[in-house]
Amino acid sequence: LELVDAAEQLTSYGLFNYRTAKCSFCNCCPACWSCTELESYNCAEENGITTEILKLSIEGLHVRQGENISWTLSEFSKEAPTSGWLQCATLPRLPQGLRWSDSGTLAGTALGPPKGMNTADIPDVEMNFTATSTAFWSASRRVVRLELPIRVSFTSTMHISAVRHDENESIARQGELLNDAYRAWQQWDLKAMDAAFQDLDSGKFSLRKYPYAMHGMMWAQRGGLGMNAHKYMRNVLP
């Protein structure tokens, strides 16, 4: 069975064709591959697709806590894909407050180190961020994996209380959006639920801004509501 594009995948093969053992036990649409399929199952290699490594060493990407940044991949690599960069990205490695977009843009304010990282005795930390896009697979049978070191200085220009205030404000707004989504679920209003999901996924108070907030409970609630929407409102889960 040949690999297929997204439209053919939805109309002919279904979302769960990896269960059929075809395409080397991978989903037959590379645009639907998860990080597990891309990073662990070697689905690209197993299906004859080349993985191109894009290593960028950019001295200018030195972020200081409290600074606003806006960095775009296309400015440094004209040949890189301009979409698909959220398919498999190591978002938890990013400093809190920075957001990575599907178009390959890193933006926001560096509010602090990733959760769990102790930087008390390490003023400068280099974080190895990676992301993979399969946008080119159909045209050139290749996927592109970005490897981007980000150097962050935690000699703070922002008081820790300001960071906590921003995080608490984000959590409060995320809670409101989750309540909106739950009410939409109760009223069987898919349009309203999708609007709340869009804000939670990519808005100003996106869950990606503080991925470890509330010990991941906000993500869990978003995931549970999303599964219900797919199963009952869209009927796309088995």
Side-chain angles (χ1 to χ4, degrees), residues 10 14-16 18-19 26-27 29 31-41 43 84-102 105-119 127-134 160 163-238:
L10 290 173
L15 293 173
F16 303 96
Y18 61 88
R19 294 176 177 172
C26 300
N27 192 296
C29 176
C32 297
W33 284 346
S34 64
C35 279
T36 301
E37 288 166 295
L38 286 165
E39 299 286 344
S40 300
Y41 292 172
C43 284
W85 289 110
L86 279 176
Q87 182 170 350
C88 178
T90 54
L91 300 178
R93 295 182 185 176
L94 291 176
Q96 296 179 65
L98 297 189
R99 299 181 298 280
W100 176 250
S101 75
D102 195 67
T105 298
L106 186 66
T109 304
L111 301 174
K115 287 288 186 179
M117 177 178 286
N118 184 4
T119 60
M127 302 171 182
N128 294 312
F129 175 75
T130 64
T132 301
S133 170
T134 62
I160 192 64
V163 178
R164 294 291 173 262
H165 175 77
D166 185 88
E167 182 175 4
N168 290 335
E169 183 182 15
S170 295
I171 291 171
R173 179 55 183 150
Q174 289 163 7
E176 293 172 359
L177 290 168
L178 284 168
N179 286 334
D180 290 344
Y182 184 69
R183 282 192 293 270
W185 159 250
Q186 291 179 311
Q187 297 168 10
W188 210 254
D189 187 341
L190 185 58
K191 184 177 180 180
M193 178 177 275
D194 283 342
F197 283 170
Q198 183 174 0
D199 283 340
L200 285 166
D201 295 342
S202 58
K204 179 181 177 182
F205 300 102
S206 166
L207 291 171
R208 294 187 176 95
K209 189 173 183 180
Y210 295 102
Y212 292 109
M214 303 290 289
H215 303 287
M217 285 303 299
M218 309 299 268
W219 280 104
Q221 292 179 52
R222 161 66 177 91
L225 284 166
M227 289 289 284
N228 277 311
H230 285 308
K231 174 65 177 178
Y232 298 108
M233 301 173 83
R234 293 189 176 91
N235 195 29
V236 296
L237 292 181

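Reckoned from all heavy atoms, side chains included, excluding hydrogens, waters and symmetry mates.
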Study note, to complete from the structure: Residue set satisfying disulfide (SG to SG under 2.5 Å) with C29, at least two apart, ordered chain then number -> none

Review point. Between the side chain of D102 and the main-chain N/O of L86, is any donor-acceptor distance below 3.5 Å?
Key: yes

**Study point:** Shortest non-hydrogen contact from A31 toward T134
**Key:** CA-OG1, 3.4 Å

Study note, to complete from the structure: Nearest heavy-atom contact between W85 and W100 is O-NE1, 3.0 Å

Exercise for review: Over all heavy atoms of both residues, which pair between D199 and L177 is shortest? Give the atoms and the distance, please.
Suggested key: CB-CD1, 3.7 Å

Practice item. Please report the shortest heavy-atom distance between M193 and A184, naming the atom on each side. Key: N-CB, 3.5 Å

Study note, to complete from the structure: CD (E39) and SG (C88) are apart, to the nearest 0.5 Å, by 4.5 Å

**Study point:** More than 12 heavy atoms of other groups within 6.0 Å of E176 CD
**Key:** yes

**Study point:** Considering all heavy atoms, the nearest W33-C26 contact
**Key:** NE1-CB, 3.8 Å

**Study point:** Other residues, nucleotides, ligands: >12 heavy atoms within 6.0 Å of Y41 OH
**Key:** no

Point to revise | M218 vs L200 side-chain heavy atoms within contact, under 4.5 Å | key: no

**Study point:** Test side chain to side chain contact (heavy atoms under 4.5 Å, CB included) applied to T90 and M127, step by step
**Key:** CA-CA 10 Å; T90 54; M127 302 171 182; over 6 Å; no

Review point. Under a 4.5 Å cut-off applied to non-hydrogen side-chain atoms, are R93 and T130 in contact?
Key: yes

Revision key, fill the gap. Smallest heavy-atom separation, F129 atom then A89 atom, equals CZ-CB, 4.1 Å

Review point. Within the distance-only criterion (no hydrogens, no angle test), does the side chain of Q87 pair as donor or acceptor with the backbone N or O of S34 below 3.5 angstrom?
Key: no

Revision key, fill the gap. The reported gap from CG in L178 to CZ in R173 (rounded to nearest 0.5 angstrom) is 10.5 Å

Point to revise | From CD (Q221) to CG (L207), nearest 0.5 Å | key: 9.5 Å

Review point. Do NZ/NE/NH1/NH2 and the carboxylate oxygens of D180 and R183 come within less than 4.0 Å?
Key: yes

**Study point:** CG-CG distance between D194 and D189, expressed to the nearest 0.5 angstrom
**Key:** 9.0 Å

